[in-house]
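Below is one structure, written out as structure tokens; the observations come after it.
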Amino acid sequence: MEEVLLISRFITRSLILLSLWFLCFPPGVVCDTGNVSASSNSSSKPKVINIGALFTLNSVLGEAANRAIQAAVDDVNSDPTILNGVQLKLLISDTNCSGFIGTMEALQLMESDVVVAIGPQSSGIAHVISHVVNELHVPLLSFGATDPTLSSMQYPYFLRTTPSDHFQMYAIADIVDYYGWREVIAIFVDDDYGRSGISVLGDALAKKRAKISYKAAFSPGDTESKINDLLVEVNLMESRVYVVHVNPDTGLNIFSVANALNMMGSGYVWIATDWLPSYLDSKDAVDSNTMNILQGVIALRHYTPDTDLKKSFMSKWNNLKYKGSAGHAGFNSYALYAYDSVWLAAHALDVFLNEGGNLSFSYDPKLHDTNGSMLHLASLRVFNGGEQLLQTLLRMNFTGVSGQIQFDPDKHLVHPAYDVLNIVGTGTRRIGYWSNYSHLSVVPPETLYTKPPNISTGSQHLYSVIWPGDTTSTPRGWVFPNNGQPLRIAVPNRVGYKEFASKDKSPQGVRGYCIDVFEAAISLLPYAVPRTYMLYGDGKRNPSYNELVSRVAQNVYDAAVGDITIVTNRTKIVDFTQPYMESGLVVVALVKEAKSNPWAFLKPFTAEMWFVTALFFLFVGAVVWILEHRINSEFRGPPRRQLITVCWFSFSTMFFSHRENTVSSLGRMVLIIWLFVVLIINSSYTASLTSILTVQQLTSGIQGIDSLISSTEPIGIQDGSFAFNYLVDELNIAQSRIVKLKNPEAYLRALKLGPKKGGVAAIVDELPYVELFLSNTNCLYRIVGPEFTKSGWGFVSINIKLPTVIL
């Protein structure tokens with residue numbers, strides 16, 4: 001009886017505990033993934049895993065991606081070496097080129113508990129969907145959203161499986177710099193994709209000392225009439241280098257309108273981003289009219305190595321593209337990245353499951369339906385293993401059909417590279433490559449990866465280009481605009497040395513040697529150059545030339561003409577023409593006439609020279625005595641007589657009056673050599689003494705820049721000259737020693753007074769100024785020491801290219 005009571009109590013307590021369990025944890029809190037059987041502990045692998053795909057099916061990129069993604073899923077499911085029998089189930093949603101529809105489709109897709117989403121191709125839609133996947137912790141692998149801003153930390157679950165437009169824009173900047181252009185006009189679609197790409201292009205060009213002179217934006221749905229108005233406005237501007245960054249589905253309208261406006265002819269440069277090759281590659285056959293319009297265009301296409309894996313995929317592409325709906329589903333590079341996106345997800349899921357990852361979902365209390373809401377937000381569940389799967393994706397490293405799939409710390413694919421194409425005839429011609437490793441090259445990027453990186457200017461190479469108008473001559477890249485203003489040319493309004501550049505009452509407004517050189521150079525150009533000279537400075541003191549150069553860099557002036565020295569810090573912000581005059585810093589000091597001296601005959605040789613000469617006389621006499629005294633009676637006798645003979649013989653050779661004869665052969669040989677040396681010594685002495693006695697001798701206490709540095713006396717420089725910065729920054733001369741002088745008259749006063757009476761010990765200035773100054777000083781001053789810098793004068797140019805005949 002007691003045993004029955006114990007059993008009854010045990011059953012009652014068990015039922016109570018089981019009831020409490022279901023009250024606390026109702027069915028559905030621990031949930032599965034639809035077709036994925038997953039429990040809270042998930043000790044066994046699921047049989048099916050849902051992955052989603054979001055893109056516009058009826059588009060150039062979407063048609064190709066659709067076939068590639070379906071083929072990749074089939075290949076993964078048929079490969080027994082991956083996922084160990086777990087099947088991938090693909091759920092495709094059509095975003096229909098709409099951010100709103102894309103968002104709705106993404107929410108519906110997430111209700112199916114997908115663990116990875118592939119797509120979208122649109123950067124604008126990717127921005128919206130990224131917020132959804134961030135909330136639900138579902139990694140988003142995009143094969144086509146190239147907007148650089150998507151790589152920000154704001155979108156941690158967005159992972160780009162194709163190169164970012166960041167690299168493409170730097171490739172275009174390198175091309176612009178390679179051909180020497182300084183301004184481009186950007187034509188782009190006004191959405192996230194277009195704006196962000198062009199923003200990066202502006203930054204990239206700035207690093208090359210170039211810029212976007214005008215941004216021509218148009219809406220995705222603009223008619224050809226609006227595009228025509230936009231290009232008419234663009235055609236009136238100065239730059240003839242156009243960068244076209246638009247969508248592949250509507251981009252050809254730009255070139256059609258440009259052709260109608262005669263903007264596809266000689267002198268124009270068109271650079272298209274990867275949208276154009278994607279469109280051309282997707283078409284089985286491009287009609288001849290379209291190709292005729294595109295002649296001479298430069299375009300970029302994603303570079304993918306020709307591996308066996310890629311060749312195998314390409315061989316079966318023709319069988320893939322006829323599956324599904326009809327349309328232009330030809331191959332393009334985005335198909336490769338879409339295919340690899342599926343394999344990336346498969347590899348990551350395989351590692352994720354092998355590491356004990358849990359494919360479970362849970363409700364988010366923040367996602368709930370409000371009264372009357374039909375959005376069904378409560379049906380959306382958070383992927384518990386999302387963070388772990390994301391980290392697994394980031395550390396994947398394998399070779400796909402597009403090349404190496406590996407991510408750097410910034411979540412970019414390693415080794416981004418592009419083909420540089422030139423559209424000619426009925427197709428495209430590769431003229432080189434661009435890689436983030438070595439930039440422009442005619443060698444495939446994978447070959448360069450085995451060598452040290454080299455991005456120097458001399459290492460950048462491309463093959464020849466056939467430009468619009470069927471010409472091989474590189475276009476100048478600019479013209480004088482039809483509605484533009486004349487070039488604003490700054491001329492320093494000097495106070496001194498007005499012979500080089502100064503104000504004038506003529507219609508030109510300026511005159512001087514520098515102006516004459518510039519006018520002569522302009523006359524050699526095969527086209528007219530409208531220009532207006534504008535004086536820079538108040539005329540009371542020489543302007544700062546560093547500030548003048550900065551004003552040109554800031555586009556206050558288009559160029560600067562004058563006595564402007566080419567120095568390193570200036571070349572970093574502006575361009576200079578070839579130097580038209582050599583220049584360098586020299587030291588000018590007061591000199592005095594040397595007084596006559598009765599000992600002037602000793603000046604041709606230094607004391608050391610006199611000592612060495614006397615020593616050699618005695619040495620030669622001793623040598624001849626040693627060789628002769630045994631066989632020659634003239635060198636014999638008492639020691640006193642022999643010593644006198646040696647001295648007499650030695651010094652008499654100076655005048656070739658020695659009376660002793662030499663008998664031995666060696667003695668005669670020594671004497672012949674010595675007489676030749678004596679002849680040279682006599683000639684040098686005579687020439688030096690003649691110069692000393694006949695030419696006026698001028699002396700100065702300053703011997704050159706070294707003696708100035710070691711002294712503490714004041715030094716004069718020209719006001720506004722770069723010499724101030726050079727003396728202070730390079731030679732470490734105290735600023736308190738530097739005295740700024742306005743004109744040659746101030747030079748004369750300061751040198752005449754000298755350092756003890758408030759003047760200067762010497763003046764440091766450029767050679768052309770000094771030569772002009774010395775021509776009017778009656779030899780009271782002269783250059784002391786050598787020229788201690790080497791430079792030249794040039795014209796500052798930003799928007800103008802002068803001929804290289806200016807030397």
- Which pairs count as salt bridge (Lys or Arg N to Asp or Glu O under 4.0 Å) when at least one residue sits in residues 259-273, sequence neighbours excluded? none
- Query: Once the angle between the rings of Phe331 and Trp317 is folded into 0 to 90°, is it parallel (under 30°), tilted (30 to 60°) or perpendicular (over 60°)?
  - Reply: perpendicular
- Message: Between Asp191 (side chain only) and Tyr193 (backbone N and O only), is there a donor and an acceptor less than 3.5 Å apart?
- Response: yes
- Between the side chains of Gln121 and Ser59, is a donor N or O closer than 3.5 angstrom to an acceptor N or O? yes
- Output every pair passing salt bridge (Lys or Arg N to Asp or Glu O under 4.0 Å) with a member in residues 416-442, not counting sequence neighbours, ordered by first then second residue. Arg301-Asp419, Asp419-Arg430
- Between Tyr334 and Trp275, does the ring centre distance come in under 6.0 Å? no
- Message: Could you check whether any side-chain heavy atom of Val552 comes within less than 4.5 Å of a side-chain heavy atom of Val549, counting everything from C-beta outward?
- Response: no
- If you measure only the distance, is there a donor-acceptor pair under 3.5 Å linking the side chains of Trp434 and Asp174? yes
- Is there a salt bridge (charged side-chain N to carboxylate O under 4.0 Å, His left out) between Glu63 and Arg67 once you walk through the steps? CA-CA 7 Å; Glu63 290 283 355; Arg67 273 64 172 180; 2.7 Å; yes
- Item | Atom CG of Asn454: over 12 foreign heavy atoms under 6.0 Å | yes
- Under the side chain to side chain contact (heavy atoms under 4.5 Å, CB included) test, which residues partner Ser196, sequence neighbours left out? Asp147, Pro148, Thr149
- Using only heavy-atom distances, determine whether the side chains of Tyr214 and Glu183 contain a donor-acceptor pair under 3.5 Å. no
- What is the minimum heavy-atom distance between Lys503 and Asn493, and which atoms define it? CB-OD1, 4.1 Å
- Query: Quick one: does Gln168's side chain have a donor or acceptor within less than 3.5 Å of a partner on Asp274's backbone?
  - Reply: yes
